[in-house]
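Step one of this worksheet: look at the structure below.
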2 protein chains.
Amino acid sequence: MARRIGLTLDRVLDEAIALADAEGLGAVTLARLAERLGVRSPSLYAHVAGLDGLQRALALHAAGALKSALQDALEGTSGLDGLRSLARAYRAFAHAHPGLYEATQRAVTPGEDPELSAAFLEVVEVVGRPLRKRGLTGDDVVHAVRALRSALHGFIVLERAHGFGLSASIDESFERMVDLLIAGLHG
Amino acid sequence: MARRIGLTLDRVLDEAIALADAEGLGAVTLARLAERLGVRSPSLYAHVAGLDGLQRALALHAAGALKSALQDALEGTSGLDGLRSLARAYRAFAHAHPGLYEATQRAVTPGEDPELSAAFLEVVEVVGRPLRKRGLTGDDVVHAVRALRSALHGFIVLERAHGFGLSASIDESFERMVDLLIAGLHG
DNA sequence: CATCATGCCTAATGCCGTTAGACAGATCAA
DNA sequence: TTGATCTGTCTAACGGCATTAGGCATGATG
C-alpha cells in the first residue's frame with residue numbers, strides 16, 4: 001500500500017504555504033494538507049509537531065521571508081526613500097502572501113520559543129535600520145519602530161478585513177499615511 | 001427533565017462576552033457556552049443562529065459598546081484634546097474588553113450583512129468627528145480616519161500579541177504615536 | 001541474507017458544530 | 001377545568017477535526 005511517498009518537511013511546508021496563501025491561514029488544517037499531499041493526516045506527525053508545530057514552522061518561515069523582502073526593499077536606498085520603500089514592500093508582501101503574512105501574527109508569549117521570538121526580532125531590526133540611518137538612537141528608535149509597525153500592520157489588517165468601507169482610494173490612503181509617518185518620524 | 005431554564009438572547013450574549021473577555025474570542029465555543037449556562041449545546045440554537053450567528057451578535061454588540069466608549073471620550077473636549085482622548089479611550093476599551101475588541105475585527109464582505117457594516121461605520125464616524133471639527137472635509141477625512149484607525153488598531157493587536165518585545169515603555173510608545181498622528185493630521 | 005529503523009498506514013478517542021426529532025411544560029381557548 | 005397548541009429544552013446521531021497507539025512494509029545497514 002503506497003509506501004514511502006517521499007514526504008519531506010519542505011514538501012509539507014510548501015503545500016501549507018500554498019494553501020494558506022490561497023485560502024487563508026484558517027484553511028490550513030492537517031486534514032486538508034494531508035489530502036493535498038496524498039497522505040493520511042496522522043502521517044504528517046512524522047514531519048511536523050502537530051498543527052501547532054506546523055503553524056510555528058509557518059511563522060518561522062514567514063518571518064524570514066518578510067525580513068528578506070524588507071531587506072531587498074532597502075537595498076540601494078537612503079534615508080527617506082528607504083522608509084517609503086520599506087513601507088511599500090511591507091504592504092506588497094502582505095498582498096502577495098496573505099497567508100504567510102497572517103502567520104506572522106502568531107502570538108508568542110515572552111519566555112517560550114526564543115527561536116521564533118528572535119526571528120520576529122530580526123524583522124523589527126530591519127524596520128529600524130532606516131531610522132537609525134537618519135540619526136535616531138536608543139529608545140527613540142524603539143518608539144518609532146513601534147509606531148511604524150502599528151500603522152503598517154493595522155492598515156493591512158483593516159484592508160484585508162474589508163474594514164475600509166468608504167469609496168476613497170485605498171492606495172492613496174496608504175501613501176498619505178506613509179507621508180504622515182515619515183514626516184512625523186523626524187523627516 | 002429540567003425544562004424552561006429561562007434562557008434568553010441577552011443571557012447567552014452576556015455569558016459569551018464574559019467568556020470572550022476572560023479567555024479570548026477563540027474560547028467562545030457553543031459547547032463551553034452551553035456548559036456555563038447549564039444547558040446542552042443544541043439548545044442554544046433556539047436563541048442564536050449557530051456559532052456564526054453568535055459571533056455576529058458579539059460583533060454587533062462590540063461595535064455599539066466601542067462607539068459609546070469613544071463618544072464618551074469625546075464628550076466635553078475640543079480639537080486636539082478630543083483626538084488624544086479618543087485614542088486613549090480606544091486603547092482603554094481594548095484593554096478592558098479584549099474579547100469584545102477582538103469581536104470588532106470580524107471581517108464582513110461588502111454586500112452581505114448591511115446591519116453589521118452600518119454598525120462598524122458608526123464607529124468610524126465617531127473617529128472622524130474630531131477631524132471634521134478641525135476643518136478636514138471630504139476625502140481628507142476618510143484618509144485621516146484610515147491612518148488613525150490603522151495606527152490604533154495595529155498598536156493594540158501588536159501589544160496583545162506580545163509583539164513589542166523590547167523593554168521600552170509601551171505606554172510611552174503609545175503616547176508618542178498619538179503625538180505623531182496628531183501632529184501629522186494637521187495639528 | 002538477516003536485522004532494524006523509519007515512514008506510512010488503520011483504528012480509535014474525544015472535542016466540536018450542527019440537524020432531526022421527541023417531549024414536557026407553559027400558554028391559551030373553550 | 002380541560003384540552004390543544006406552541007416552544008424551549010432534551011437525546012441521538014453525523015461528520016469534521018486533532019491526536020495517539022500500534023501495525024507493517026519498505027529501504028537501509030551489517
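Chain naming here is simple, since letters A, B, ... match the order of the sequence lines and numbering starts at 1 in each. What's counted below: heavy atoms across the whole structure, side chains too, no hydrogens, waters or symmetry copies.
OP1 or OP2 of D:dG8 has not a single side-chain nitrogen or oxygen of B:S43 nearer than 4.0 Å. Between C:dG17 and B:S41, no contact under 4.0 Å exists linking OP1 or OP2 to a side-chain N or O. Distances shorter than 4.0 Å separate none of the side-chain N or O atoms of A:Y45 from OP1 or OP2 on D:dT20.
Of the candidates D:dT20, D:dC10, D:dA18, the closest approach to any side-chain atom of A:P42 belongs to D:dT20. Here the nucleotide nearest the side chain of A:A31, chosen from D:dC17, D:dC10, D:dT19, is D:dC17. Distance from the side chain of B:R40 is smallest to D:dC10 among C:dC8, D:dC10, D:dC17. Side chain of A:L51, nearest nucleotide from D:dT19, C:dC8, D:dG8: D:dT19.
Nucleic acid contact class of A:T29 (heavy atoms, under 4.0 Å, all strands): sugar-phosphate only.
Put simply, CZ on B:R11 and CZ on B:R36 are 10.5 Å apart, with the number rounded to the nearest 0.5 Å.
To the nearest angstrom, C1' of D:dC17 lies 13 Å from CD of A:Q55. One atom, CZ of A:R32, and another, P of D:dG16, lie 13 Å apart when rounded to the nearest Å. Atoms CZ (A:R11) and P (C:dC8) sit 11 Å apart, rounded to a whole Å. If you take CG of A:L44 and P of C:dG7, they are 13 Å apart, rounded to a whole angstrom. For the pair A:L30 CG and D:dT20 P, the interatomic distance rounds to 11 Å; values are reported in whole Å.
A perpendicular orientation is assigned to the rings of B:F93 and B:Y101, their planes being inclined by more than 60° (bins at 30° and 60°).
Of the N and O atoms on the side chains of B:E102 and B:H97, not one donor lies less than 3.5 Å from an acceptor on the other residue.
By the 6.0 Å and 45° rule, A:R146 does not stack over the aromatic ring of B:F155.
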